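Notes to accompany the following structure.
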Amino acid sequence: MPDNAGSNVSDAGGVESACHASFPSFHALLLRELEALFAGAVVSPAIAARYLIAAARAVACTTPPGLAVAHRAAVLPTGPLACLAEVSVPPPGALDACLMALTPVLEQVPASRGVNALEGAETLHPWACAVWDLLPSTARILASGGDERLDGQAGNGLNRYGVGSLPRPEVLAFASSTASDPSARGFASARAARLALVRALAHDWPDKEAMAATVSAATLEVKAFLADFFGADSPDHIILAASGTDCAMAATAMCALRGSPVTIVLPGAEETGSGVPQAACGRHFAIRSAHGMTVEKDAVVEGFSAQTACVPVAVREADGTPRQSRDVLADCTAQIEQAIRLGRRVLLYVLDVSKTGLVMPDAAGVEALCQRFPGQIDVLVDGCQARFLPEEAGAFLRRGWAVMVTGSKFYAGPPFCGALLLPQHWRQRLSGENEGARVAEAVTARADDMAEGLPAALPTGLGDYAWRSEWPAAPVAACLPEGFNAGLFLRWRGACAEMAAFTATPVQERQHRLDLFLSGVAEVLTACPMVRLLASAPREHWTWEESILTFLVLAPSAREADHVRPAVLDMDRSRRLHRWLQADLSAYVPDGPGAIALRALVAVPCHVGQPVALPCEQAQGGIAGALRIAASARHVTAEEADAATETAVHIRAVGQVLRKLVFVLDHWESIAARDPVPCAASVFPLLRLSGGGRTTGP
C-alpha cells in the first residue's frame, strides 16, 4: 500500500466524515492495523467489532505523549472517533457510534468481507472496559508503566534522556550508556507482541481466568527468555522491574527478609543510577511510582525500615582518576566490619560496570569477604549496563550473588526495562525456606538472625512499583497486587529482539566488530583537539575491550595552542552541549563557502551518553561533565555488510558527532542565546523506510 493511501477515503463511508480532513494517514494506518489483527483469519462479528475498536484506538493514540502536532503531522480524529483517544472508556452509545463509523472499512480487509461487525456491538462496551489501557499504539504503551523519567517533554516527545518511544534512524546514536530510541527491529517486535496480546484478549473475554492467564503467560515468556539468556536456574528466579532503579529497591526488600537492619555498601554511588542510593534504602526515588501513584520523593516506602543505611564508597581519586581496586575493597571491608559489629546485615554492591566503565571492587576480593563473613553478606552485582558476556551473569549467580540487568543499555532496547536475577538461596528466602545451614556458619551473627522467623510479606509499599506476576510465585509476594504492566512487557520484548539478534551473531564476529569499532572511535576521539579521552580501568573477566569511551570537552575557544592547561567544561555547560548536539543547528551556520554542507551536518541529531560528574581541577567548581561514546549490541550485531564496511560507517558517524561538537564550541554564544531543544521524535516512522525495512503500523 503506498504511503499516501487513504488521502481520499470517500469510499470508506463514515471514516472520512469522522476524521479531520488534514489527517490523510488515518485510513492507511487503520487498514494496516486491521490487516495485522485479522492476520488472514475469518472471525465472528463480536471479534470483528473488537478488532475495529482496537485498531482505531491504536491509530487515534499514535502520537506519543508530549509530542507537539506539527505541520502535516497527525492530528487527533474528530467526530465520533475523537473519544477513542481518551483515557477513559467512552459510554456505550459513543462506542456504538464509533463502530458504525468504522464498519464500512471492513470491506477493504479480505478476511472480514461479509462479516457484519454491528452484530457484535452488544458485548463491545464491557470488553472495552476490561482492556482499554492495552489498546493504544505501541509507542504510547512503550512510554507507560514507569516513573516520570519516561515522560515525553512538551513539544518534542523525548524524555529527559533525549529518547522517545519511536524509532529515529536519522539520529547518530552512541548513547547506550544512558538510553536509546527503539530500533526498527525492537519496535517491530514490541508491536507484534501488542497485536498478539490484543488478539488473544479479544478472544478470551469474558473469561476472566483466561484473560489473566494470557497476560501471565506474556510475563512468563519474557522471564523465560531472560533466564535462558543469562543462565538463571528458571524463570522463577527472575524479578521484572520497571527500571534498574526499581531493581535496587526489590533487592533491598529481599535482603530485609532476613529480619536484621540492612546496611548497603555502595561503591561508585555517583556512577550508578541517580536514584539508586534512595531506592536501595527503600525510599521513593521519584515523584511517581511505576504504577502511576504520586509519591513523596525520598520518603520511606511503606513497609521498609527507616533504619536502612546506604554507605557510598568512592571509586575515583580527588583528581578524577580511577582508584585502585584494592583500595576500594579496603574501604568496603571497613564499612562491612562496622555494620556487622552493630548486628546489621550487609548488602554489598559490585559495580559491573559504572557509567564510565569501571568495575569495583574485584570479584576475588568480594569472594574472600563472603568467606570471612559467611551468611552475613548479600552480594548484588549492578550489571544494569549489561556490559558483560551473558554467561558471566550465570557465573555470578552460581557464586550466590544476585544480578540486576536492563535491556536498555548495552542491548539498546527501549528505555526502562529491568530485571533482578536471583541465586538459589535468594529464591529460597522468598519461599520462607530456612537458610540455617548458611547462617549457622556466621559465628558473629546475632541469634535472631539465625532464627527461622522471617517477615510474613514484602513491604506493602512495594505494591506501588510491582505486580505480583513480575515476582516469583511465593508466599511473601502475596501482598503485591494483581495486574499487568503492558509498557514494561513491550519494552522487554523490544530488548529481547535486540538480545536475540546479538546472540545470533557468531562470538568471533561480535568480538571482531567490537574491536574494530572501539579502536576506530578511540582514534577519532584522540585526533579531535577539543576533547580529552580518559583512560579506563582494567577489567578482570570481560574478554572484550572497554565498551564505554569517556571524554572531557574543552571549554569554548580553548585551544591547546593558546593554553597550557585549557579549561574543561563543567557539568552545567556539558549538559547544555549534550542537549544542543541533539538539536538542529543549521540556522546557526553563517553564509559562505561550504555553508550548505555544514548546515546538513549540524542539522543531524547526535546523541551521546549524558554527562557524568567527575572531579577535575580544570573545570569550574572542580567538577567536569564527562560525555561518553558507547558501543551497543547494534554496533556488534551482524548485518548484510561485512564488518569492516559496516563498522567504518559507525566510525564516520562518530566523526560527524565530533565535528558538530566543535561547531557548538565555536558558536557557543549565539547558540546559547536561543538555547535550541532536541529534535522532535518522528511521528510516523511506520510510514517510511527505516533500516532497510518498513514497519507496518502503530
Side-chain angles (χ1 to χ4, degrees), residues 15 29-62 81 83-92 94-138 140-141 144 189-221 469 482-487 489-490 493 696-698:
V15 176
L29 293 175
L30 180 62
L31 285 176
R32 292 183 184 188
E33 188 76 354
L34 284 171
E35 289 166 355
L37 281 171
F38 276 93
V42 178
V43 299
S44 68
I47 302 299
R50 294 167 194 172
Y51 283 180
L52 266 175
I53 294 300
R57 175 156 167 75
V59 176
C61 296
T62 293
L81 299 186
C83 63
L84 294 174
E86 298 296 328
V87 174
S88 301
V89 184
L95 210 59
D96 288 344
C98 290
L99 184 62
M100 292 185 65
L102 293 165
T103 296
V105 184
L106 288 181
E107 289 301 315
Q108 300 177 54
V109 181
S112 66
R113 286 175 186 161
V115 177
N116 186 359
L118 294 176
E119 294 178 1
E122 183 178 353
T123 62
L124 187 59
H125 188 262
W127 173 78
C129 290
V131 300
W132 194 249
D133 290 342
L134 301 178
L135 301 184
S137 66
T138 306
R140 187 72 64 92
I141 296 177
S144 68
S189 179
R191 178 176 182 264
R194 176 184 63 82
L195 288 167
L197 187 64
V198 171
R199 199 179 294 120
L201 293 173
H203 286 262
D204 288 344
W205 193 88
D207 189 333
K208 292 184 178 179
E209 290 186 3
M211 295 178 75
T214 291
V215 296
S216 178
T219 303
L220 182 61
E221 184 179 8
S469 62
E482 295 286 359
F484 178 61
N485 189 333
F489 168 63
L490 292 194
R493 284 299 301 265
T696 56

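Only a predicted model underlies this, so the values are computations on that prediction, with no experimental measurement involved. For this chain, numbers begin at 1 and follow the sequence in order.
Between the side chain of Arg32 and the main chain of Pro698, no donor-acceptor pair closer than 3.5 Å is present. Between the Trp127 side chain and the Ile47 main chain, no donor and acceptor come within less than 3.5 Å of each other. For Ser137 (side chain) and Val59 (main-chain N/O), no donor-acceptor pair under 3.5 Å exists by modelled atom type. In this structure, the side chain of Arg57 engages the main chain of Trp132 through a donor-acceptor pair within 3.5 Å.
With a 4.5 Å cut-off on side-chain heavy atoms, Tyr51 and Val109 do not count as touching. Put simply, the side chain of Pro126 reaches to within 4.5 Å of the side chain of Trp205, judged on heavy atoms. Considering only heavy atoms from C-beta on, Leu102 comes within 4.5 Å of Ile53 through its side chain.
How far CG of Leu52 is from CG of Leu106: 4.0 Å, rounded to the nearest 0.5 Å. Rounded to the nearest 0.5 angstrom, Asp133 CG and Ser144 OG are separated by 8.5 Å. To the nearest 0.5 Å, atom CG of residue Leu31 and atom CD of residue Glu35 are 6.0 Å apart. Note that CG of Leu95 is 6.5 Å distant from SG of Cys83, once rounded to the nearest 0.5 Å. Remark: Glu209 CD to Asp204 CG distance equals 11.5 Å, nearest 0.5 Å. To the nearest 0.5 Å, the span separating OG on Ser216 from CD on Glu221 amounts to 11.5 Å.
Closest non-hydrogen pair, Ala58 versus Arg194, comes out as CB-NH1, 3.9 Å. Here the shortest heavy-atom pairing between Leu99 and Ala117 reads CD2-O, 3.8 Å. Nearest heavy atoms, Ala128 versus Val89: O-CG2, 3.8 Å. Of all heavy-atom pairs spanning Arg199 and Leu37, the tightest one is NE-O, 2.9 Å. When all heavy atoms of Gly114 and Glu107 are compared, the closest pair comes out as N-OE2, 3.8 Å. Scanning both residues, Asp96 and Ala121, for their nearest heavy atoms gives OD1-CB, 4.0 Å.
When each of Val131, Val215, Leu135 is checked for a side chain to side chain contact (heavy atoms under 4.5 Å, CB included) with Leu197, only Val215 meets the rule.
With salt bridges taken as basic N to acidic carboxylate O contacts below 4.0 Å, one links Arg191 and Glu33.
A donor-acceptor contact closer than 3.5 angstrom links the side chains of Thr123 and Arg50.
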Would you please test Phe489 and Thr219 for side chain to side chain contact (heavy atoms under 4.5 Å, CB included) and show each step? CA-CA 7 Å; Phe489 168 63; Thr219 303; 5.5 Å; no
